[in-house]
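So the structure is just underneath, and the comments pick up after that.
Treat the numbers as computed from the prediction; the structure is a model and nothing was measured.
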Amino acid sequence: VGEGPMWHPVEKRLYWADLPLGRIFRYDPETGEHERFYEGPSSIGGYTMQEDGALLLFMDKGAVAVLRDGQLDYLIDEIPEERESRFNDVIADPAGRVFCGTMPDSNGSARLYRLDTDGTLTKLLDGIGLSNGLGFTPDRSRMYYTDSYAHKIYLFDYELETGDITNQRVFVETE
C-alpha cells in the first residue's frame, strides 16, 4: 500500500511508505534508482522529516522514533491508549510540531495528538472514527482533519504560535 509521499529536499528523492508492512521506499528521479530504504519491526502510520534529514516515524502502539543512519531512537515507546492501534496519518506544522492521528482501537475509537518539539504529547481529539487526511490552508491559519469513518472533513482555526486548533466545524461531508 503506497502512502505518504514526501519529497526530501536535501537528497532530492521521493519517499513513500507501505504502512501496514512498515516499509519505506525512495526514488531518485535523476538516476531512476528505486529502493527499499527501511523495513521496520512494526507498521508505520506516517513519518516526517527532521531538520537534519532524519525521519521521525509514527508506528503501532503509539510508538514514535527517529530513524537516523538505519537506527531507531525511540522518543515514545508506546501510548497506553494506542496498544491495540497504530498511527495512521501525520503532518508537521511550520514550527516543527507534528499532528498525528490514529486508527480505531478495539472500542472503535481513534484519536488525534500533537507532538511538540520538546517531546510533549497532547491528545487533541478523542472518539474519532479514523484519523486521516491532515493539511493546512496556504496561509497556515486553518487546519483540515478528516475522519474517514464519519465521512467528514473538519476545518479548525490553527494558531502557529501555540499549535492550538479551535473552532471545529464541518468543511465537507460525503455520503
Side-chain angles (χ1 to χ4, degrees), residues 1-29 31 33-106 109-126 128 130-136 140 143 145 158 160-165:
V1 178
E3 291 196 60
M6 180 179 68
W7 180 252
H8 195 303
V10 175
E11 295 180 2
K12 299 192 182 337
R13 293 182 189 167
L14 178 67
Y15 281 68
W16 71 96
D18 183 342
L19 302 181
L21 295 180
R23 298 175 179 169
I24 300 176
F25 298 87
R26 64 184 174 190
Y27 171 71
D28 184 335
T31 66
E33 181 181 329
H34 165 263
E35 65 180 321
R36 184 181 318 159
F37 168 71
Y38 172 78
E39 185 165 357
S42 64
S43 61
I44 299 171
Y47 53 96
T48 62
M49 189 178 312
Q50 302 299 283
E51 284 184 310
D52 67 357
L55 298 181
L56 187 61
L57 306 183
F58 293 78
M59 300 174 285
D60 63 356
K61 300 181 182 178
V64 179
V66 176
L67 174 62
R68 184 179 289 112
D69 300 323
Q71 300 295 318
L72 288 179
D73 179 23
Y74 284 84
L75 305 176
I76 300 172
D77 292 323
E78 73 175 25
I79 301 170
E81 284 183 290
E82 304 306 334
R83 286 187 183 133
E84 300 175 13
S85 183
R86 71 166 168 83
F87 285 108
N88 189 56
D89 205 350
V90 304
I91 189 170
D93 76 0
R97 294 175 289 254
V98 181
F99 291 85
C100 37
T102 64
M103 298 285 290
D105 58 21
S106 61
S109 184
R111 285 154 285 281
L112 176 67
Y113 299 91
R114 184 187 67 230
L115 180 64
D116 292 323
T117 57
D118 67 0
T120 302
L121 185 71
T122 303
K123 184 178 7 174
L124 302 174
L125 299 174
D126 200 349
I128 299 301
L130 172 60
S131 293
N132 218 344
L134 297 152
F136 294 99
R140 306 291 195 268
M143 185 182 90
Y145 172 80
Y158 164 72
L160 176 61
E161 292 295 316
T162 63
D164 289 338
I165 56 172

Inset, instruction - For side chain to side chain contact (heavy atoms under 4.5 Å, CB included), just list the numbers for Ile24 and Leu55, CA-CA rounded to whole Å, side-chain angles, deciding distance to a tenth of an Å, and then say yes or no. - result: CA-CA 10 Å; Ile24 300 176; Leu55 298 181; 4.1 Å; yes

Within a strict 4.5 Å, meaning less than it, do heavy atoms of the [X] and [Y] side chains meet?
X: Asp126; Y: Ser109; value: yes
X: Leu130; Y: Met103; value: yes
X: Pro29; Y: Leu14; value: no
X: Met49; Y: Met6; value: yes
X: Met59; Y: Ser43; value: no

Does the distance from a Lys or Arg side-chain N to an Asp or Glu carboxylate O, for [X] and [Y], drop under 4.0 Å?
X: Asp105; Y: Arg111; result: yes
X: Asp52; Y: Arg68; result: yes
X: Lys61; Y: Glu82; result: no
X: Asp164; Y: Arg114; result: yes

What's the spacing between [X] [atom1] and [Y] [atom2] if we round to 0.5 Å?
X: Ile76; Y: Leu115; atom1: CD1; atom2: CG; result: 5.0 Å
X: Glu35; Y: Phe25; atom1: CD; atom2: CZ; result: 10.5 Å
X: Thr117; Y: Arg97; atom1: OG1; atom2: CZ; result: 7.5 Å
X: Met143; Y: Asp93; atom1: CE; atom2: CG; result: 9.5 Å
X: Leu112; Y: Leu134; atom1: CG; atom2: CG; result: 6.0 Å
X: Ile44; Y: Leu57; atom1: CD1; atom2: CG; result: 5.0 Å

Please enumerate all residues that pass side-chain hydrogen bond (donor to acceptor under 3.5 Å, both in side chains) together with [X], with sequence neighbours excluded.
X: Asp89; value: none
X: Glu3; value: none
X: Tyr15; value: Glu11, Arg26
X: Arg13; value: none

Legend entry - Identified side chain to side chain contact (heavy atoms under 4.5 Å, CB included) counterpart of Leu124 within the set Tyr145, Phe99, Tyr113: Phe99

Inset, instruction - Begin from the C-alpha positions of Tyr158 and Phe136 and carry the test ring-ring contact (aromatic ring centres under 6.0 Å, His included) through to its verdict. - result: CA-CA 8 Å; Tyr158 164 72; Phe136 294 99; 4.8 Å; yes

Inset, instruction - Answer yes or no: are there more than 12 heavy-atom neighbours, outside Asp69 itself, under 6.0 Å from its atom CG? - result: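 It does not: Asp69 CG has 12 such atoms or fewer within range.
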
Inset, instruction - Decide yes or no on side chain to side chain contact (heavy atoms under 4.5 Å, CB included) for Ile91 and Val98, but give the supporting numbers first. - result: CA-CA 6 Å; Ile91 189 170; Val98 181; over 6 Å; no

Inset, instruction - For Asp18, enumerate each residue passing the salt bridge (charged side-chain N to carboxylate O under 4.0 Å, His left out) test, keeping only those at least two apart in sequence or located in another chain. - result: none

Inset, instruction - Could you tell me whether the side chain of Tyr47 and the main chain of Leu67 form a donor-acceptor pair under 3.5 Å? - result: no

Legend entry - Pairs where residues 57-92 contributes a residue and the test ring-ring contact (aromatic ring centres under 6.0 Å, His included) is met, not counting sequence neighbours: Phe58-Phe87

Inset, instruction - Report the C-alpha separation of Leu75 and Val66 in whole Å, then their side-chain angles, then the decisive distance to 0.1 Å, and conclude whether the side chain to side chain contact (heavy atoms under 4.5 Å, CB included) test is met. - result: CA-CA 7 Å; Leu75 305 176; Val66 176; 4.0 Å; yes

Legend entry - Minimum-distance pair of heavy atoms, taken over all atoms of Ala110 and Thr102: CB-O, 3.1 Å

Legend entry - Pair Ser85-Asp60, side-chain donor/acceptor within less than 3.5 Å: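 Short answer, no.
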
